[in-house]
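Per chain, numbering begins at 1; letters A, B, ... match sequence-line order.
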There are 2 protein chains.
Amino acid sequence: MTQEPSGGLDGLGSAQRAYQLIRSSIIEGRYRAGQRLIEGRIGEEFSLSRTPVREALRLLEAEGLVLSIRNRGAIVRPVSPKEVIDLYELRARLESLGAERAATRATDAGIAELDAAIAAFDAAIPATDHIELTENRILSQANSRFHDAVIEMADHARLSQLMARTVDIPLVFQAFRVFTREERVRSNVFHRLIRDALEHGEAARAGALMSEHILMGRDSLVARLDEAQVKDALFLGASGEASSG
Amino acid sequence: MTQEPSGGLDGLGSAQRAYQLIRSSIIEGRYRAGQRLIEGRIGEEFSLSRTPVREALRLLEAEGLVLSIRNRGAIVRPVSPKEVIDLYELRARLESLGAERAATRATDAGIAELDAAIAAFDAAIPATDHIELTENRILSQANSRFHDAVIEMADHARLSQLMARTVDIPLVFQAFRVFTREERVRSNVFHRLIRDALEHGEAARAGALMSEHILMGRDSLVARLDEAQVKDALFLGASGEASSG
DNA sequence: AGTTCCCCAATAGTATACAATATGAGCCAT
DNA sequence: ATGGCTCATATTGTATACTATTGGGGAACT
């Protein structure tokens, strides 16, 4: 129930399945920062042998979600506040590049997809600041839909790969949990502004808006990094060893 | 001696060794674009079992050097001219960010390292346009030393990882082969300009210079993409299937 | 001759077995 | 009591064995 028994990922190899399962467990916080990821145990948990689990862990390590030390195993990579800030700065640059390129390559279909994503985002904004896991998933998904569509229009294979695989994601997912309703609304305002800039082929504006959009998200998140709860929710490196007792 | 029998990579795991060996084989062109990378064969070649080879291939896939299709195996990823251009644009942005950050974080030790790299680069420039593999290695190494030092000063862990692992490298290595002597000299002129901007903390200039430096490299490379030999040397996607007959 | 189908060889995907390494507990000496 | 040593155990690293998938070649048929 809280698990995803084949959440649409049948027909995949065991390794892919392991990858998706572990990944979502990390992103959504079921595996906490610093927690050890023991190949054998995870294998049991998902009824797989160590081989595909190991492969998945290595991929996640390349993505930066997992930290592993030779002969000692892997843990969920803790993220420091500095790293959050740096990651958002990086993401701002990358997506800004994506937006600039998208502006000169915009298609009707692409703009339509942006509109759809914007509508979905609007529909997914709850009335309150507090947000449930399910609501967060939907909101986060609508947000991804928008950003993915922009990157798609940028027509830059490696940039897409980088955005999808290398730059955060867990941060983005968790970010929406701590945003206020106002901040969520503001996010979509910027989505609309970016959309318009893209439609009119205004590359510089699109890039600047995207950058601003992301840095605003960063600031909202950073403003809440002091709250202990938030730290925990975002897996900031309180850990090392989680004193389980 | 064209092989690297343990080129300083003893004391590493088999997987690491496999990774380094395959990687350098791709970067230096011993494995050509489109060539199949069969786990078993590579295992034999390096006296390893399939397991670590497989792990290495997966890492290289994440890096973008290898393309693999489920149940069909891996090949050396061919690179199209468009991709070369896009990759350089991406690299320009990333390194530009690195330079901007480095400007506000410069240390004496870091500047000293830049000076050392610049001196090494000067020393490595041959008198002629033509360049031997060994000379290219040394030149490329000096160049990496400079760029690594800048990124190091940027103090951005993920950015470092991205530069090291995700953005090209094979392109950079091959680029020096097709540069003229004049272009190599010009490269180091920009290295000096960047160094000075960093020393004086001028972030915007450092970023702009770095961007220009990389885009100039791109243009030099692109200008030679038509020559059939060069295409081959850079592994551009002539392939797919090399019509051997 | 061309086309289809089936079977086989090659290869990737996964599981298991074995080897190497690291950590912690308990013991001994001081 | 404390510090260091040894060994047991848990876990990773690597090799091998087994299974599944794919692509190609040849036989049979049209």
Side-chain angles (χ1 to χ4, degrees), chain A residues 5-6 9-23 25-26 31-32 34-63 65-77 239-245, chain B residues 6 9-23 25-26 31 34-63 65-77 239-245:
Chain A
S6 84
L9 25 108
D10 299 305
L12 289 175
S14 304
Q16 315 294 331
R17 202 160 56 246
Y19 169 80
Q20 295 294 352
L21 290 168
I22 299 170
R23 189 167 198 273
S25 293
I26 293 175
Y31 292 160
R32 303 235 326 247
Q35 179 177 338
R36 289 190 66 183
L37 300 173
I38 292 160
E39 297 171 359
R41 306 228 201 218
I42 296 178
E44 283 178 27
E45 190 175 334
F46 300 140
S47 304
L48 295 169
S49 79
R50 277 179 56 209
T51 311
V53 172
R54 186 181 172 78
E55 185 168 322
L57 287 177
R58 283 295 147 79
L59 285 179
L60 292 164
E61 188 187 5
E63 257 183 68
L65 264 52
V66 154
L67 178 68
S68 74
I69 301 174
R70 186 177 156 82
N71 285 321
R72 297 228 268 139
I75 62 172
V76 177
R77 195 171 191 281
S239 48
E241 50 274 297
S243 53
S244 57
Chain B
S6 85
L9 26 105
D10 301 303
L12 289 176
S14 303
Q16 316 293 329
R17 200 159 57 245
Y19 170 79
Q20 295 293 351
L21 290 169
I22 299 169
R23 189 167 199 273
S25 292
I26 294 174
Y31 291 161
Q35 178 176 340
R36 289 190 67 182
L37 300 172
I38 293 161
E39 297 172 357
R41 307 229 201 213
I42 297 178
E44 283 177 26
E45 189 175 334
F46 300 141
S47 304
L48 295 170
S49 79
R50 278 178 55 209
T51 312
V53 171
R54 186 181 172 76
E55 184 168 324
L57 287 176
R58 283 294 149 80
L59 285 178
L60 291 165
E61 187 186 6
E63 258 182 66
L65 263 51
V66 154
L67 178 67
S68 74
I69 301 174
R70 184 175 159 86
N71 284 323
R72 297 228 267 136
I75 62 173
V76 177
R77 193 169 191 282
S239 49
E241 50 273 297
S243 55
S244 55

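- Here CZ of B:R50 is found 11.0 Å from CD1 of B:I38. Values are rounded to the nearest 0.5 Å.
- Scored by the salt bridge (Lys or Arg N to Asp or Glu O under 4.0 Å) test, B:E61 finds B:R58 as partners (sequence neighbours excluded).
- Rounding to the nearest 0.5 angstrom, the gap separating the CG atom in B:L65 from the CG atom in B:L59 is 11.0 Å.
- Judged by distance alone, with hydrogens and angles left aside, the side-chain atoms of B:Q20 form no donor-acceptor pair with the main-chain N or O of B:R17 at under 3.5 Å.
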A correct 5'-to-3' footprint of nucleotides 8-16 of chain C, with B, S and - meaning base, sugar-phosphate only and no protein heavy atom under 4.0 Å, is ---SBBBBB
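- The distance from atom CZ of B:F46 to atom C1' of D:dT14 is 17 Å, rounded to the nearest whole Å.
- Distance CD/A:E45 to CD1/A:I22: 8.5 Å, rounded to 0.5 Å.
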